[in-house]
S.K.: 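Okay, handing you the structure first.
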Amino acid sequence: MTMNRQWILRQRPKALLADGDLELVQTAVPELKDGQALAQVRYLSIDPTMRVWMAVDSYLPAVQIGEVMRAAGFAEIVESKAKEYKKGDKVVGLTGLQEYTIVSPGDKLALQKVPSIPFLSETKFLGVLGMTGLTAFFGMEIGAPKKGETLVVSAAAGATGSIAGQIGKIHGCRVVGIAGSDDKCKWLTEELGFDAAVNYKSADWKEKLAAATPQGIDIDFENVGGEIMQEVLNRMNLFGRVVLCGLISGYTKDDPGMASFALALVKRLRVQGFIVLDFAERFMEAATKLGQWKMFGKIKDRETIVEGFEKAPQAINMLFTGANTGKTIVKV
Ligand SMILES: NC(=O)c1ccc[n+]([C@@H]2O[C@H](COP(=O)([O-])OP(=O)(O)OC[C@H]3O[C@@H](n4cnc5c(N)ncnc54)[C@H](OP(=O)(O)O)[C@@H]3O)[C@@H](O)[C@H]2O)c1
């Protein structure tokens with residue numbers, strides 16, 4: 001009998017995840033029915049949206065108390081009674097925060113097969129070629145960058161921000177990142193080619209942002225919200241674009257993390273929120289482009305790999321304390 005460890009949502013977190021919010025349980029994997037396949041999860045994608053799913057209905061319904069926590073993952077088919085999957089197939093999708101998942105081909109959120117690509121680690125399908133890379137890609141399409149414009153990216157050293165900024169460089173923008181440590185800022189400017197990076201935890205970060213954006217800001221790739229977004233809006237040029245990707249500063253608080261919208265009016269900004277799932281039909285096209293950029297060294301990525309399924313709750317908290325750089329993944 002195969003045993004499955006699962007993280008179950010027991011109560012809705014109040015701030016960062018605390019003991020008792022998620023519970024680790026062990027259950028037997030049920031016998032497969034005809035048409036089903038069993039996938040063993042190798043890597044789990046750790047995403048800020050998981051904290052939102054624990055708390056409220058958003059673009060997906062909140063996870064119910066007592067349910068397996070929702071999560072994306074990379075898995076391998078280990079047994080199949082489905083014609084669509086064979087043993088050894090590699091798949092990505094919503095696996096849940098668990099070690100095994102049963103997939104039925106009729107499932108709305110069935111796992112998608114991914115190819116084996118030489119010299120490319122499987123974790124890339126959760127990061128640079130996965131949801132966060134795709135989010136950066138489509139978000140930058142919404143930002144409509146033009147050569148010579150100034151792009152500011154918040155949470156710039158994270159999975160989405162680091163790729164969005166590099167796409168801005170490919171389009172010929174002046175790219176300024178905002179991140180939470182000097183080391184992260186150094187990585188952005190010295191390795192990823194950002195023109196400047198500002199540590200928002202330094203006392204004079206607003207002056208530094210002003211110095212780094214002498215021509216104002218044309219595109220805000222917004223991942224954070226709150227005070228950071230407010231200051232970026234203060235420096236936006238007329239008719240600038242705000243790509244509303246995330247508002248992470250509010251996810252662990254009651255505060256929604258929104259900046260004042262008065263500036264959007266006065267500066268005639270175009271503000272567009274988006275959810276990467278809106279672009280599902282174009283994922284293959286975007287992943288191919290990202291893969292080419294990655295192969296030709298036009299984009300670089302970094303991963304924070306946390307070893308051990310039991311560390312998943314700590315890994316989620318790392319996103320909110322800034323202990324991660326690049327894509328955060330739990331190796332099961
Ligand atoms: N719209 C979509 O479809 C979509 C899809 C994926 C992700 N997102 C959004 O994109 C954003 C980034 O997600 P990700 O998966 O790439 O995570 P990530 O950037 O890899 O990790 C989150 C980062 O946010 C920063 N952060 C956390 N709390 C902060 C605060 N209060 N103020 C300023 N910075 C803070 C931390 O870096 P520092 O050290 O710099 O603080 C942390 O490393 C999130 O807002 C997420 O919700 C949206």
Side-chain angles (χ1 to χ4, degrees), residues 15-16 44-56 58-60 71-72 123 126-128 130-143 152-166 176-188 194 197-202 205 209 220-232 242-253 255-259 271-280 282-283 286 301-306 315-330:
L16 287 178
L44 286 158
S45 175
I46 301 299
D47 297 289
T49 193
M50 294 166 81
R51 176 62 181 77
V52 179
W53 292 339
M54 287 180 201
V56 290
S58 57
Y59 60 96
L60 288 179
T123 53
L126 298 180
V128 59
M131 279 308 160
T132 48
L134 295 168
T135 301
F137 183 92
F138 292 112
M140 283 304 296
E141 204 172 84
I142 290 168
V152 170
V153 183
S154 53
T160 306
S162 58
I163 305 299
Q166 292 178 87
V176 178
I178 302 179
S181 75
D182 290 343
D183 279 349
K184 288 184 180 185
C185 289
K186 215 164 142 192
W187 178 57
L188 295 173
F194 282 47
V198 174
N199 176 356
Y200 71 88
K201 289 182 181 161
S202 65
W205 73 271
L209 180 66
D220 170 23
F221 194 105
E222 188 55 56
N223 285 319
V224 170
E227 194 190 355
I228 290 177
M229 181 175 181
Q230 192 67 63
E231 192 54 27
V232 173
V242 178
V243 181
L244 208 45
C245 176
L247 297 167
I248 194 169
S249 67
Y251 295 176
T252 53
K253 306 179 193 144
D255 164 14
M258 208 51 229
V271 182
Q272 186 175 334
F274 77 105
I275 295 291
V276 65
L277 301 176
D278 302 339
F279 296 89
R282 292 182 53 208
F283 280 179
D301 66 308
R302 196 179 268 189
E303 293 166 344
T304 298
I305 308 268
V306 176
I316 297 171
N317 277 343
M318 287 168 74
L319 302 172
F320 300 96
T321 59
N324 68 319
T325 302
K327 177 67 202 169
T328 305
I329 287 170
V330 165

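Note that ligands are numbered from 1 as they come in the structure, with each ligand's atoms numbered from 1 the same way. All values reported here derive from a predicted model rather than from experimental measurement.
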S.K.: Just to be sure I understand the cut-off, which residues have at least one non-hydrogen atom under 4.0 angstrom from an atom of ligand 1?
M.R.: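 Heavy-atom contacts below 4.0 Å: P48, T132, T135, A155, G158, A159, T160, A179, G180, K184, Y200, N223, V224, I228, C245, G246, L247, I248, S249, Y251, F274, I275, V276, L319, F320, G322, N324, G326.
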S.K.: When Y59 is tested against each of L277, D278, V52, V276 for side chain to side chain contact (heavy atoms under 4.5 Å, CB included), which residue passes?
M.R.: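 That would be L277; it is the only one of L277, D278, V52, V276 passing the side chain to side chain contact (heavy atoms under 4.5 Å, CB included) with Y59.
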S.K.: So F138 and F283, would you call those rings parallel, tilted or perpendicular, with 30° and 60° as cut-offs?
M.R.: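 Tilted: the ring planes of F138 and F283 meet at 30° to 60°.
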S.K.: State the NZ-CD distance between K327 and E303, to the nearest 0.5 angstrom.
M.R.: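 Those atoms lie 9.5 Å apart.
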S.K.: Tell me, with the steps shown, if D47 and S45 meet side chain to side chain donor-acceptor pair (under 3.5 Å).
M.R.: CA-CA 6 Å; D47 297 289; S45 175; 2.7 Å; yes
S.K.: CD1 of I329 to CD1 of I305: how many Å apart, nearest 0.5 Å?
M.R.: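 So the CD1 of I329 and the CD1 of I305 are separated by 4.5 Å.
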S.K.: To check you understand the geometry: which heavy-atom pair defines the closest contact between N223 and V153, and what is its length?
M.R.: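 So the minimum-distance heavy-atom pair works out to ND2-CG1, 4.1 Å.
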